[in-house]
Chemist: 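I'd like to ask some things about the structure below.
To find a chain, count down the sequence lines: A is the first, B the second, and so on, and within it residues start at 1. As a basis for the values below, the full set of heavy atoms in this structure was taken, side chains included, without hydrogen atoms, waters or symmetry mates.
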There are 2 protein chains.
Amino acid sequence: MSTMSHTTEESVGLRERKKRATRLSLQAAAVELIREHGPDSVTVEDICAQAEVSPRTFFNYFTCKEEVLAPWSREALERIPEAIAQRPAEERPPTAAHRVFDVLLDHTMRSEIWREQIMLLREHPVLAYRTMSNTRALELCLAEGLGRRTGLGEEDTYVKLVAATAMAALRVTIQSWQESPDDTDPRTLLENNFARIESGLRSPD
Amino acid sequence: MSTMSHTTEESVGLRERKKRATRLSLQAAAVELIREHGPDSVTVEDICAQAEVSPRTFFNYFTCKEEVLAPWSREALERIPEAIAQRPAEERPPTAAHRVFDVLLDHTMRSEIWREQIMLLREHPVLAYRTMSNTRALELCLAEGLGRRTGLGEEDTYVKLVAATAMAALRVTIQSWQESPDDTDPRTLLENNFARIESGLRSPD
DNA sequence: TGTATTTTTACAGTGTCTGCACAAAAAATG
DNA sequence: CATTTTTTGTGCAGACACTGTAAAAATACA
């Protein structure tokens with residue numbers, strides 16, 4: 001907040017900065033309150049009181065209550081298609097998806113609030129169902145990139161299958177990562193899961 | 001309705017029959033009204049008026065409005081784990097899942113209302129997010145069966161990965177089936193997708 | 001400083017969903 | 001058949017999620 005010399009874009013105005021602050025403040029308030037009191041007894045009004053904005057403002061930022069916990073930011077999603085398309089030409093589609101997930105994890109993992117969001121979604125599955133549009137958006141970005149990459153287009157069945165399977169791998173990876181010791185590198189787990197998929201899901205011996 | 005000599009269980013009481021009728025009636029009313037007027041302008045009250053039950057009764061059958069469109073019945077789900085476990089011992093886990101999905105599709109496809117539910121969920125993605133717990137339940141049943149089958153348990157990462165990947169295949173299959181000519185057999189599409197997965201998602205040439 | 005644009009807020013209203021008490025229906029019992 | 005017990009349906013009151021609208025506040029810009 002106080003230091004500003006290392007922001008990604010120096011030319012970001014006050015309005016944009018305040019909007020980001022408000023969004024982050026609502027996310028932080030939601031995480032804190034839900035962690036403490038559970039998802040059912042926390043209302044939008046409570047979250048807004050903690051974040052010091054009006055309840056109506058909440059719905060200017062999020063389409064529903066649970067979206068405040070959506071784990072993938074809009075900025076991260078927007079970079080996915082191009083990142084997939086730009087992977088080296090010799091990589092097969094699942095590998096390209098794998099590498100982009102590596103970067104995505106490496107980037108989002110740094111965010112303190114991301115860990116807490118992910119943890120809450122795991123502890124309270126009912127919250128996860130409402131953030132599914134965010135997960136689905138990631139899958140669509142993936143399909144878009146793979147469609148461009150292969151020249152098959154994002155409507156191709158093979159493309160959609162790879163995207164859906166990659167999401168399955170990511171989901172299972174994050175889940176086992178949460179059940180692992182604190183120093184586990186999720187990229188190792190992701191590596192294992194993609195290796196299993198690329199070997200046709202043969203039984204582990 | 002009128003013939004009753006070929007019901008699965010002759011000993012089903014009046015209470016159970018009425019419950020099934022009420023559930024079906026609510027599902028049919030919801031499908032009809034939403035198809036006609038769109039999901040946003042149909043209220044639970046409308047659905048109940050059409051089905052001739054009180055609004056309060058609706059929520060005795062479904063936990064939320066959209067659950068009335070959940071495509072997998074409780075009965076079908078309950079049979080999954082045992083069906084997986086009973087597949088021939090030489091089948092590898094993905095194949096076992098594939099075969100059980102074949103049976104599941106063959107069975108549920110006969111239901112007229114199932115096609116309509118699936119179509120509505122595809123046309124209005126916002127409805128799909130609320131029925132996700134039903135989809136998730138299918139994945140958990142799958143994992144339970146695979147866990148018993150392999151002796152690894154349903155918490156094993158390989159088991160969870162196979163279950164999640166199989167769900168990806170099923171989802172993509174149903175989607176392409178809906179975009180195919182009317183006489184397309186979904187089991188052929190499912191066959192293709194599982195073949196791709198078992199070959200490690202190699203690019204189609 | 002004044003004006004245009006964007007964001008926040010208050011307010012009123014609709015619809016989802018829940019708990020509860022009670023009525024109605026079905027099943028079990030003698 | 002009359003009875004008790006259990007299950008299911010309903011009416012009601014209320015909390016909360018979410019939306020449209022219009023005014024107020026903050027920001028951008030000249």
Side-chain angles (χ1 to χ4, degrees), chain A residues 1 4 9-27 29-30 33-34 37-70 74 124-134, chain B residues 9-27 29-30 33-34 37-70 74 124-134:
Chain A
M1 289 286 203
M4 55 187 310
E9 287 291 333
E10 204 65 30
S11 61
V12 63
L14 174 59
R15 209 163 244 168
E16 189 62 24
R17 266 181 289 149
K18 280 209 169 181
K19 273 176 71 175
R20 291 186 192 177
T22 302
R23 168 176 288 265
L24 205 61
S25 162
L26 284 168
Q27 289 174 324
L33 290 176
I34 294 177
H37 302 108
D40 292 336
S41 48
V42 174
T43 69
V44 170
E45 204 178 337
D46 297 335
I47 297 171
C48 291
Q50 175 96 0
E52 295 183 304
V53 293
S54 83
R56 187 62 183 84
T57 296
F58 183 96
F59 293 103
N60 290 339
Y61 282 86
F62 307 101
T63 63
C64 71
K65 179 184 168 184
E66 290 82 1
E67 195 179 302
V68 75
L69 298 174
R74 202 173 49 80
H124 309 285
V126 66
L127 297 173
Y129 303 134
R130 300 287 190 106
T131 61
M132 199 58 69
S133 54
N134 183 245
Chain B
E9 286 291 334
E10 204 66 30
S11 61
V12 64
L14 175 59
R15 221 168 234 169
E16 189 64 21
R17 268 180 289 148
K18 281 205 170 182
K19 271 176 70 176
R20 291 185 192 178
T22 301
R23 168 176 288 265
L24 205 61
S25 162
L26 284 168
Q27 289 174 324
L33 291 176
I34 294 177
H37 302 107
D40 292 336
S41 49
V42 174
T43 69
V44 170
E45 203 177 340
D46 298 335
I47 296 171
C48 291
Q50 174 97 356
E52 295 181 307
V53 295
S54 82
R56 187 65 184 82
T57 297
F58 183 95
F59 293 102
N60 291 339
Y61 282 86
F62 306 100
T63 62
C64 71
K65 178 184 169 185
E66 290 82 1
E67 194 179 303
V68 76
L69 298 175
R74 204 175 47 80
H124 308 285
V126 65
L127 297 172
Y129 304 134
R130 299 288 190 107
T131 62
M132 199 58 69
S133 55
N134 183 248

Chemist: Check whether any side-chain nitrogen or oxygen of A:R20 sits under 4.0 Å from OP1 or OP2 of C:dT7, and answer yes or no.
Modeler: no
Chemist: Over all strands shown, is B:Y61 touching base, sugar-phosphate only, or nothing at heavy-atom distances under 4.0 angstrom?
Modeler: sugar-phosphate
Chemist: Rounded to the nearest angstrom, tell me the gap between atom CZ in B:F59 and atom P in D:dA15.
Modeler: 18 Å
Chemist: Between A:S54 and C:dT9, is there a contact of a side-chain N or O with OP1 or OP2 at under 4.0 Å?
Modeler: yes
Chemist: If you take all heavy atoms of A:S54 and A:C48, which pair is closest and at what distance?
Modeler: O-SG, 3.8 Å
Chemist: Between B:V53 and A:F58, just flag the one whose closest nucleotide in DNA chain D comes earlier from the 5' side.
Modeler: B:V53
Chemist: Has the side chain of A:R15 got a donor or acceptor atom sitting under 3.5 Å from an opposite partner on the base of C:dT5?
Modeler: yes
Chemist: For C:dG15, take OP1 and OP2 only and decide whether either is under 4.0 Å from a side-chain N or O of B:K65.
Modeler: no
Chemist: What is the distance, to the nearest angstrom, from the OH atom on A:Y129 to the P atom on D:dA17?
Modeler: 20 Å
Chemist: For B:E45 and D:dC12, what is the distance between atoms CD and P respectively, to the nearest whole Å?
Modeler: 13 Å
Chemist: DNA chain C: B:F62 or A:R56, which has the more 5' nearest nucleotide?
Modeler: A:R56
Chemist: What integer distance in Å separates A:E52:CD from C:dT9:C1'?
Modeler: 15 Å
Chemist: About how many Å separate OG of B:S25 and NZ of B:K18, when rounded to the nearest 0.5 Å?
Modeler: 12.5 Å
Chemist: Starting at the 5' end of DNA chain D and moving along, which residue's nearest nucleotide shows up first, A:L14 or A:R130?
Modeler: A:R130
Chemist: Does B:T57 put a side-chain nitrogen or oxygen below 4.0 Å from OP1 or OP2 of D:dT10?
Modeler: yes
Chemist: What is the distance, to the nearest angstrom, from the NZ atom on A:K18 to the P atom on C:dT8?
Modeler: 9 Å
Chemist: Rounding to an integer number of Å, can you tell me how far A:N60 CG sits from D:dT19 P?
Modeler: 10 Å
Chemist: Indicate the atoms forming the closest heavy-atom contact of B:V42 with B:L33, along with that distance.
Modeler: CG2-O, 3.5 Å
Chemist: Of all the heavy-atom pairs spanning B:V68 and B:Q27, show the shortest one and how long it is.
Modeler: O-CG, 3.5 Å
Chemist: Side-chain N or O of A:K19 less than 4.0 angstrom from OP1 or OP2 on C:dT7?
Modeler: yes
Chemist: To the nearest angstrom, how far is A:R17 atom CZ from C:dT6 atom P?
Modeler: 18 Å
Chemist: If you draw a 6.0 Å radius around CD in B:E45, do more than 12 non-hydrogen atoms from other residues or ligands fall strictly inside?
Modeler: no
Chemist: Output the rounded distance in Å from CG (B:L127) to P (C:dT16).
Modeler: 12 Å
